[in-house]
Every structure is written in C-alpha cells, then in structure tokens.
2 protein chains.
Amino acid sequence: MDLAPPRVTIQDVARAAGVSGSSVSNYMNRHFERLGEEARLRIKEAIAELNFRPNRVARQLKTGRTDAIALIVPSVVNPYSGELVLAIEQEASRAGYGVHMCNTMRSSAIETDFLDRLADIGVRRLITISPMNSTCGVYYAAREDVSIVAIDASRDDFKLPGLRTVNLDHRAAMDMAVGHLHDLGHDRIAYVTDSLITHSRVDRMKGFELAVERYGIRASDIVMVENRERVVDIADLHMVDAGRRAAIDVAALSLRPTAVVAFNDMIAHGLMAGFRAVGIAVPSDISLIGVDDIWMNEAASPGLTSIRHPVAEMAKATIGHLSPSMDEPADKVLLPSLVVRQTTTQPTSSSTSRDAQGK
Amino acid sequence: MDLAPPRVTIQDVARAAGVSGSSVSNYMNRHFERLGEEARLRIKEAIAELNFRPNRVARQLKTGRTDAIALIVPSVVNPYSGELVLAIEQEASRAGYGVHMCNTMRSSAIETDFLDRLADIGVRRLITISPMNSTCGVYYAAREDVSIVAIDASRDDFKLPGLRTVNLDHRAAMDMAVGHLHDLGHDRIAYVTDSLITHSRVDRMKGFELAVERYGIRASDIVMVENRERVVDIADLHMVDAGRRAAIDVAALSLRPTAVVAFNDMIAHGLMAGFRAVGIAVPSDISLIGVDDIWMNEAASPGLTSIRHPVAEMAKATIGHLSPSMDEPADKVLLPSLVVRQTTTQPTSSSTSRDAQGK
DNA sequence: TTGTAGGCGTTATCAT
DNA sequence: ATGATAACGCCTACAA
C-alpha cells in the first residue's frame, strides 16, 4: 500500500504487453475483432499482472458520457421509496453502475439543478420514483440517447415515447387483499384512499371495486380523505394524518364495515391510530390491511397485514430496463404477494352485530 | 434547448472576453490576484453571457481529484440513519458537493469495493455513519489529504489522528429523558439496551445511571438483551425483537418500574409490542421513552415520546468538518431535545400499586 | 498582468 | 491486425 499509489495507465499495460495503447484500448472495449489471438492473451496477462483499472474520468472526458445512473426520488426517508432506493442502489452496483441520487422533496427547482449537473457530466440513464410532477421528462425529452425509467407512474403521465415503466399490478394487489378478507369471512369491506391524484391511486381503487364485485361482497364503501400539507414531511406522514381522519368517517358509516383496505400502509397505520382513539379495536372489532409492506408493519403492534410491493424485483426490472432490449415490453407490471400479520382475523360477533359496539 | 447542446468551453469564454484561457481559469479558481480589474469584469460578463459552466470531468482528470463526498452507511432504510443521509445529502448539495452513497449492509467487502472505485476517481472526503466495523479508516489511513468524518462513533474506534467526529451528547440525552419522567412523578425507572457493543450504547447507559442518581430516583434497573441476527434486516428490526423480549424481562422485575427508558426508539417500539402482548398498557400502566425520534414515532399509536437526535444540525456539523478549520474542535457533540407524545404520563395508582397489576 | 504550451488517460481516426 | 496521432476541457508552469 503506497502512500500515493502511482496510477497504472493504458500505456503501462501496452509496454508490458509489447503492443500499442490502441490495442489495449480495443481490448478494454471488447473490440476483439481488431486483435490477434496472441496479442489478446498478452494484454490480458499484462492487465492482471499490473492490476490495471481504466480511468473512468479520462474515458468520460473523451467520450462525453458516463454509465452512471441518476436516481430521482422525493425523499429516501419515504417509507416505501426508501426500500426501493436501497434495492436499486444494490442492483445498480451489482451491474457496475454508480448511482447519483437526488431527493427532490417535490421541488422541481432542486430536480432541475440536479439534472443540469448530471447532464454536464454525461449521464444518460434516468430512474424516477413516484414522479407525480417530475420534470425530468421535459428536461431530457430532446435527447435521443437517454434512457428513462419511471417507477410507480403511468406512461400517460409523460409525453415521452421512449419512456419505460415499472409498476405494481394494482388490480392483482386488490384482488389479493379482498380475497384474503373474503376468505376470512368478511363481507362488509371499506376502502380508504386519499385524493386520486396519481395513476396508482386510481387504478388501485378500481381494482378494489372489481375485486369486491368478483368475490360477491355484500357491501362496500369508499372513503376518500383529501391531503393536507404538513409543514415538513419527509416520510409521508400526511398519509397517517389522512388515515386518522378517515377512521372517524369509517366509524360513522351507517353500516360499519368489518374490514378496511387502505390505499397503502401509511394510511393503514393512521387508521389504526384513529380507531384506537375512538375505541375500536384492531383486529377484534375491525380488520385492516394495507399495501407496500413497509418495515414499520413489522415493528408496529399489532403487526399490519399488507400486500407486499416486490421491491427487489422492481429494482431488477428497472436496471434491466435501462439497457433496452426491443423485444421486451416497455411497461413492466409486477405481481404482489400477501403478508399476513395480526390486523386481519375472522370477523367476530362483536364486529358483526353493530349494536354491541355502541354508537 | 438544442438537441445536442454544444459545450461552452473555457476557450469560448476567453475569446468572448478577449483574454486567454489561463485568465479565465484563474478567474474560475478565484486567483484574482493574477487578474486585472478590467479583465476580471469582462470575464465575468462573458461567463454570464455564454452561461459557461466548467467541465468538472476535465478538471478532475487534470487535478486527479474531485470534491465529491463518499457517504458510507449500513443501510439508508435504517430508521435513524436514513434521516441523517437525507440531511447530509441536502446539506452537501447546498454546499455544492455531490454525494456517492454506499449501503454496506455491514459487509466490509462491499465497503472496500466502493472505496476502491472512489479512490480511483479521487474522492478525498469521507463520511461514515454508525461505523461499528467500518474499514474506511484502514483503507485511507495512509493518505494525507483525505478528510474523514465519523458520525455516531467514538474516535477511539479508529486509529486515525486526523479523524473528526460528530456525536449526540448521550449524557444530556439521558438527563433529559430521566428528568422528564422524574418531573412526571416517576421514581422507579428501568433502562433497556441491547449489548454494549458501541460507544453510544456504553455512554448512553452511563448517562442513564448518572441521571438517575442526579434526580434521586429511588429504584432503577438495567435490562440488557442480546442481539440475535435476522435473516435480512435493512431496518434494524432486530432491535424491535430485542425490545419485545425485554418487555417480558421488565414485566418480571420484582418491583415493576413505572417507566422505561429505551436505548433507542426501535427498542422502544419493540417494548410497546411486548407490553401489549402481556397485557401491560402504555402509558397507563407504564411510561415509555426512546431516543432518536424516528418518523415512526409519529406514525405509531400511541405516539412514542422520544429524545430527538438533531439530524439537521449533525449534517451541518459534518459537512462543516469536511473542510477542517484548525481552531475548531475535532469532536463535535450536539444537544438533543425532548419530544413529548403519548407514551409518557404521570404514574397512575394502577402502576404504582403493583398488586393491582396482578402477577 | 497576461499568454503559450504541455499533459492528465482515454478513445477514435487514419495510416500501415 | 496493429500503431501513431490528435483530440476531450482544463490546469499550471513558465515565458513574455
């Protein structure tokens, strides 16, 4: 371990192998057609011998581009997207890509600054998570050689023909949730969501309606709460607030449901808090299921039953999408799975006969 | 917005300003002593006119270094360090630095690979969070011009004289927690921690002991649970497990405490789950306070009272430490604050007279 | 105070 | 199949 490790350059390798720098360069870039059998071998040995590692910076200066990935996310602390960011970072580094992450905090100024910087250094791979109002599409729209993958967004949200997307199969998710409750014996189920401002919210609710019909659920309700901004909200805590408020609405329903499906887990946790506040016990009085399967579900008590967002698979699909192969679909839809914890049980007599519950 | 935006180089600026490239370079590097009044002005205008932005890659190739920051963290999903990562990223980009993040998952192989890559591109600023067994010290130890800041670690954990640290004032934190409980009227308080494998665990417990003494608390207990590995644990869920197990121990204490201080919030949430499982109500039977103030505290119910880790200030101190000013202390210690939620109340008769509690 | 020239390590073009 | 050579955009002696 030297104090100032002297760089091994392509020329050093060339000298050691008795070939020219260009040949080593060709070797590094896998242009084997332009190399003789013997030269290839000697270069290979010299590289191993000297432990040569090409200087990415020099290459970047020369080519004007880098294989690094720009990752745009509202906030890493966000319970769902945080796990996704981790998975993407791991998948990317497995594929040899560096990742530049930007927490936009939903500020398009921050996002634009970030993209300006990255455009400067030649980044051509973009991943955007939950991009309700991401500007990256507009920004990079003109450039031909840029790959953009949007996670948790509909392609209609952008006007980019080249865009690729990765999404959860929301219909399947709702089918799973309602099916699980139906299996337990529930037939009065409510759905709680906040404003339908994104594709996933719309589609997931639609999925609930379809599922309810499919399982022949007797009665169902949709409770919609509107968003109220928080002063600072790096973790989607406004959804917890929304859930808390929704709990009151659910409790006030003329025919109180025995189970509730929440748009996502944060709303579900809010519901749990709200129900507790008004004396409704989960799950003995009412069952509860969310979507995403954030880690908090496991840490909370009772543990929240949820429909798991397949984070690792989404990351894999995303990185795969970055190097487009034309025979693959531009929109990948992944299947969720059910994680049963403690908030879903069979409806009890107390929850079925609402008189026992009091007003 | 052109399709292939032609780069504005230092030469373009020089031409526009009627000076040479070196002068522009000197301007960019703030070597104003080497510039005439008039030249400086014309360069400034030309830069604004052409919207010139220096090519970081070229500079990097030439100088062999970059001002980007390497950020090493076990996992961004980790409830405490996730918030810290966000704060650091924001503070860094405010200061104009890019951030390369590495989720080591506590694998030194991953960390070493990452540092190798970054050493290649000339990164000389390192931040490491909760580095129980971080190798970065060893790795970069030899290099003179590298700044390393360790957050949530004692300088004794490394053998690097040049290291700078940022830490919470654990003693003050415990003083605050115990003081709060004492103010409420508690005088039988237990402390729950997992194995004392880090500086913060040792120091925080010491702080508890000092505080208990200082407030003249009649009786206190230390409950220590050992770590058990989880198959996969990106979010410190093993601490929740530890808390769950500890709850049983606390319940079995011969003189059951009326309040518990947990080493951190994840353990506290585990305690909450454990208490609920054995029929002990929080806070009416027992009060509970944690440390860190992770977002989950707000989302859980009841909301967990906690000692807040001043994340934004820590980020600021960390970035400040990166450009060492010799008159500042090498070890910064920041003060926490108390966030009262629902898990701490006055001890009730039911919790005070233990007979009412059953066995 | 300002300009000129050389080179950082790589890729790409054009010879051979 | 292989090699010389010229950039990429910037910094930095050193010269003027």
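Just so you know, these numbers come straight off a predicted model, no measurement behind them. To find a chain, count down the sequence lines: A is the first, B the second, and so on, and within it residues start at 1. Quick note: numbers below take in every heavy atom, side chains included, and nothing from hydrogens, waters or symmetry partners.
- A salt bridge does not link R42(A) with E45(A): every distance from a Lys NZ or Arg NE/NH1/NH2 to an Asp or Glu carboxylate oxygen is 4.0 Å or more.
- Regarding R59(A), its CZ atom lies at a distance of 14 Å from the C1' atom of dA12(C), rounded to whole Å.
- Using a 4.0 Å heavy-atom criterion, one finds that V19(B) contacts the sugar-phosphate atoms exclusively.
- If you check every strand for non-hydrogen atoms under 4.0 Å, S23(A) touches sugar and phosphate atoms only.
- When each of R56(B), R59(B), R124(B) is checked for a salt bridge (charged side-chain N to carboxylate O under 4.0 Å, His left out) with D67(B), only R56(B) meets the rule.
- Remark: S20(A) is not in phosphate contact with dA4(D), judged by side-chain N or O atoms under 4.0 Å from OP1 or OP2.
- Atom CG in L61(A) sits about 9 Å away from atom C1' in dA7(D), given to the nearest Å.
- In this structure, the CZ atom of R56(B) is 18 Å from the C1' atom of dC8(D), given to the nearest Å.
- Of the listed nucleotides (dT2(C), dG3(C), dC10(D)), dC10(D) has the atom at the smallest distance from the side chain of K62(B).
- Here L35(A) lies in heavy-atom contact (under 4.0 Å) with sugar-phosphate atoms only.
- Backbone-only engagement by N29(A) is indicated by non-hydrogen atom pairs under 4.0 Å involving sugar-phosphate atoms exclusively.
- Computed from coordinates, the I43(A) CD1 to dA1(D) P distance equals 13 Å when rounded to whole Å.
- Within 4.0 Å of I10(B), counting heavy atoms only, lie sugar-phosphate atoms of the nucleic acid but no base atom.
- Between R94(B) and E91(B), at least one side-chain nitrogen of the basic residue sits less than 4.0 Å from a carboxylate oxygen of the acidic one, meeting the salt-bridge criterion.
- Contact annotation for F32(A): no contact, since no heavy-atom pair falls under 4.0 Å across all strands.
- Ranking dT10(C), dT12(D), dT2(C) by closeness to the A39(B) side chain, first place goes to dT2(C).
- When the nearest nucleotides of DNA chain C are assigned to E38(B) and V24(A) by heavy-atom distance, the more 5′-ward of the two goes with E38(B).
- For the pair D12(B) and R15(B), the salt-bridge criterion is met [side-chain N within less than 4.0 Å of a carboxylate O].
- Atom P of nucleotide dT12(D) and atom CD of E33(B) are separated by 13 Å, given to the nearest angstrom.
- The two atoms that bring L334(A) and P310(A) nearest to each other are CB-CG, 4.0 Å, heavy atoms only.
- Under the 3.5 Å distance criterion, with hydrogens and angles disregarded, a donor-acceptor pair is assigned to the side chains of R164(B) and S147(B).
- For the OP1/OP2 pair of dC11(D) and a distance below 4.0 Å, the side-chain nitrogens and oxygens of T63(B) include no atom meeting the criterion.
- The distance from atom CZ of R7(A) to atom C1' of dT10(C) is 11 Å, rounded to the nearest whole Å.
- Of the candidate nucleotides dT11(C), dG9(D), dA13(D), dA13(D) has the atom nearest to the side chain of S22(B).
- In this structure, T9(A) reaches the sugar-phosphate backbone alone: every heavy-atom distance under 4.0 Å involves primed, P, OP1 or OP2 atoms, never a base.
- Across the protein-nucleic acid pair, N26(B) atom CG and dG9(D) atom P stand 20 Å apart, rounded to whole Å.
- Computed from coordinates, the I47(A) CD1 to dT10(C) P distance equals 10 Å when rounded to whole Å.
- Residue Q11(B) is classed as having no contact, given no heavy-atom separation below 4.0 Å to the nucleic acid.
- In this structure, R34(B) reaches the bases: a heavy-atom distance under 4.0 Å links it to at least one base atom across the strands shown.
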